[in-house]
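Take a look at the structure set out below.
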Protein chains: 2
Amino acid sequence: MKPVTVYDIAREANVSVATVSRVLNNTAPVKASTREKIMSLIDKHQFQPNALARSLIKKETGMIGIILPDITNPFFPEVLAGLEQEARNNGYTFFLCDTGSYNQDSKSQYKRESQYLRILAEKQVDGIIMIGGRIDLQKSTREMAKEVQEVNKRLPVVLINGNLPGEKFHRVIIDEARGAMQVTDHLIELGHTDIAFMGGYNQMSNTVQRMAGFHSAMERAGIAVREDWVITGGFTINAGKALMNELLSKDGRKPTAIVCANDLVAIGAIKSAVKAGLSVPRDLSIIGFDDIPLAESMIPELTTLSLRCLELGRTAANIMHQLITKTNHVSELTTLQPKLVIRESTAPPPSHSM
Amino acid sequence: MKPVTVYDIAREANVSVATVSRVLNNTAPVKASTREKIMSLIDKHQFQPNALARSLIKKETGMIGIILPDITNPFFPEVLAGLEQEARNNGYTFFLCDTGSYNQDSKSQYKRESQYLRILAEKQVDGIIMIGGRIDLQKSTREMAKEVQEVNKRLPVVLINGNLPGEKFHRVIIDEARGAMQVTDHLIELGHTDIAFMGGYNQMSNTVQRMAGFHSAMERAGIAVREDWVITGGFTINAGKALMNELLSKDGRKPTAIVCANDLVAIGAIKSAVKAGLSVPRDLSIIGFDDIPLAESMIPELTTLSLRCLELGRTAANIMHQLITKTNHVSELTTLQPKLVIRESTAPPPSHSM
DNA sequence: ATGAAAGCGCTAACAG
DNA sequence: CTGTTAGCGCTTTCAT
């Protein structure tokens, strides 16, 4: 069954397509009676204007592309929810492009990002938001940056919690180094001195920033960092488990507290620690990063740093909207401050007098 | 800066647009030398064909719309990942439409579903996949069903784990009643007789099915169900907490085991139980439903029923692809069998001799 | 207040 | 192997 078009409506209403278009878009006054007639015809035939044709001429699609590495990591849905909440009111819909880092080598992940970048551009999205992936790399190749720059020339690109060298991008980020300092300070204030850092990847900028914050807090407190207590290996629960096992298997003194690269790692770490017979936080304090919804539901409830994912998403959506409509000048960088959330997984060290 | 079009390429290559189109789509042989020339021009100008124009004429967009109620519930990202994995290879991209049930009354959720249904149709998606929302309702209004039927006439609709009255839809579902029976049987085999059911909503079909499975397993074992131990109130961690508190505050005998409507509720229930001084599973066995990734990472690890989310997504993507390409006849209903995953949150009841 | 006509950027006959 | 031409369904001047 052939879809009905403006022509069908126009013919049946004895008007021109222009008039139909006018009532569709409220773009010019139309006599009440003809408007009525057209409206009822639209209703009768369940007419739905073809958005492709409209977008083709109007040069706007109301579509925003999101490129992210792994939708099953709870951090991303949280940001997405923020994006959606905000952008919905402005009439945008989202293309979700998951590059599927979870079971891929990173090379194919970046290749997939390139693909999606191209596809989204071809589909004429009004803007692209990137989270994770190549924009989290400490050093991305010239080519990887160039691709995004090229896209950025044609349509607005907003980077969430990441960056790319070269030309400046619009970004909204959480001050991660500062967050890591807050987290570490909290541990230090509790009396800890034997503090480890766990998780993430050395080649990723978020990890480097978090580590940097960790280091400066330690330094400021005059505590030496034991480099063999700074171990990386991923952002997943399994990574946390493995890293904790690794840490526990080392000879000699054990840390009394651990700063984790994110909540998932912290959860894995707690898991392994408990399995090894340790009590959290009595024997070992563990602190996360992100504040995903599950953090509050762990036993013990996870002390962590809120990255305010929802606001991150909302802010990005807002900026994107500004960029698309070009209403005001938008500052290149928007920085949100994280917030320490003290719950149950941290306490004074065991040797400490209470 | 004006985007470059096939015309620009054609002019500069001294060929017609048709030839450019031919090399773009490999739709007819082109002399190697002219192909080369065109290719290099494409590369030089970073030409990207406008997918809107192409789709307008080809009547296919490679876009699939997904309508779901809450992306922050980990069940959905898991299904999404499955969809994406499968559909990516067939060249589809996804529109994510989150109706945001998390902080809305249900009325505005359904309104939002209607909106998205319309938007997706207008954007000419090749198909729509629905999960949750109105298709989970025990009784949906005539109107809600009609809307989807109307859409289903114009383009393929696939329902995941739900249904709608009236005209038949293509569906892929998990046998939830059977799953609830497996879960309950597991508890019964452990020696439990005082078993409660917790979570979900009475007006939702998934809850009703799960309850039905629970009831039939109990009946088959000759155990009477205490109706005041069957309590509903949502699918979230907070719902689980509240319901557990409610259960614990009741006078008289307490259940020794609880079947939860999903993992999130189970997590909340464990949380409250532990807070109340109970040990899981020593004092109380708790069993979930879904097997979200976090289930394995709880302490204790959650015994649950795998809904095989990934496969659910993959299967749906496959079916959708068949429907879109009309390659083979696709059976209306595809049923996946769930799988009991025994972990740590269930054990024999306390009074039971070991 | 309305209509005629010219595209938006591309593909697909049809002709050569 | 290549060019010409007619649309896809809609919006938008420019007339009237």
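Throughout, a chain's letter reflects where its sequence line sits, starting with A, and its residues are numbered from 1. Side-chain atoms are counted along with the backbone in the values below, which use heavy atoms only and exclude waters and symmetry mates.
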Nearest whole Å is fine: how far is [N] [atom2] from [X] [atom1]?
X	N	atom1	atom2	value
K59(B)	dC10(C)	NZ	P	17 Å
N14(B)	dT4(D)	CG	C1'	17 Å
I42(B)	dG9(C)	CD1	P	16 Å
E60(B)	dA12(C)	CD	C1'	14 Å
L56(A)	dG7(D)	CG	P	17 Å
L52(B)	dT11(C)	CG	P	12 Å
K123(A)	dC10(C)	NZ	P	14 Å

Task: Test item: I131(B) and V79(B) side chains (from C-beta on) under 4.5 Å apart, heavy atoms - done: yes
- [ ] Evaluate the side-chain proximity of E147(B) to E113(B): yes if any heavy-atom separation is below 4.5 Å, no if none is.
- [x] no
TODO: Encode nucleotides 11-16 of chain D as B, S and - characters from 5' to 3', where the letter depends on protein heavy atoms closer than 4.0 Å: B to the base, S only to sugar-phosphate, - to neither.
DONE: BBB---
Open item on the list: Counting the benzene-type ring for Trp, do F95(A) and F95(B) have ring centres under 6.0 Å apart?
Closed with: yes
Task: Side chains of T72(A) and E78(B), donor plus acceptor under 3.5 Å - done: no
Task: Cationic N near anionic O, under 4.0 Å, E167(B) to K153(B) - done: no
- [ ] Output yes when K168(B) and E332(B) qualify as a salt bridge under the 4.0 Å nitrogen-oxygen rule, no when they do not.
- [x] no
TODO: For the pair R88(A) (side chain) and D98(B) (backbone), establish whether a donor and an acceptor sit closer than 3.5 Å, ignoring hydrogens and angles.
DONE: yes
- [ ] Output yes when a side-chain donor or acceptor of S40(A) lies under 3.5 Å from a complementary backbone atom of K37(A), and no otherwise.
- [x] yes
TODO: Select from A51(A) and A28(B) the residue whose nearest nucleotide in DNA chain D is closer to the 5' end of that strand.
DONE: A28(B)
Open item on the list: Heavy atoms within less than 4.0 Å of DNA chain C: which residues of residues 30-40 of chain B have one? Give them sorted by number.
Closed with: none
- [ ] Identify, between S16(A) and Q48(B), the residue whose nearest nucleotide on DNA chain C lies closer to the 5' end.
- [x] S16(A)
Open item on the list: Tell me whether the count of non-hydrogen atoms from other residues, nucleotides or ligands lying under 6.0 Å of NZ in K146(A) goes above 12.
Closed with: no
- [ ] For the residue pair Y92(B) and H321(B), categorise the inter-ring angle as parallel (less than 30°), tilted (30 to 60°) or perpendicular (more than 60°).
- [x] perpendicular
- [ ] Have a look at S21(A) and tell me which of V17(A), V23(A), T19(A), N25(A) forms a side chain to side chain contact (heavy atoms under 4.5 Å, CB included) with it.
- [x] N25(A)
TODO: For the helix from dA1(C)-dT16(D) to dG16(C)-dC1(D), measure the angle between the helix axis at one end and the axis at the other, each built from five pairs, rounding to 10°.
DONE: 40°
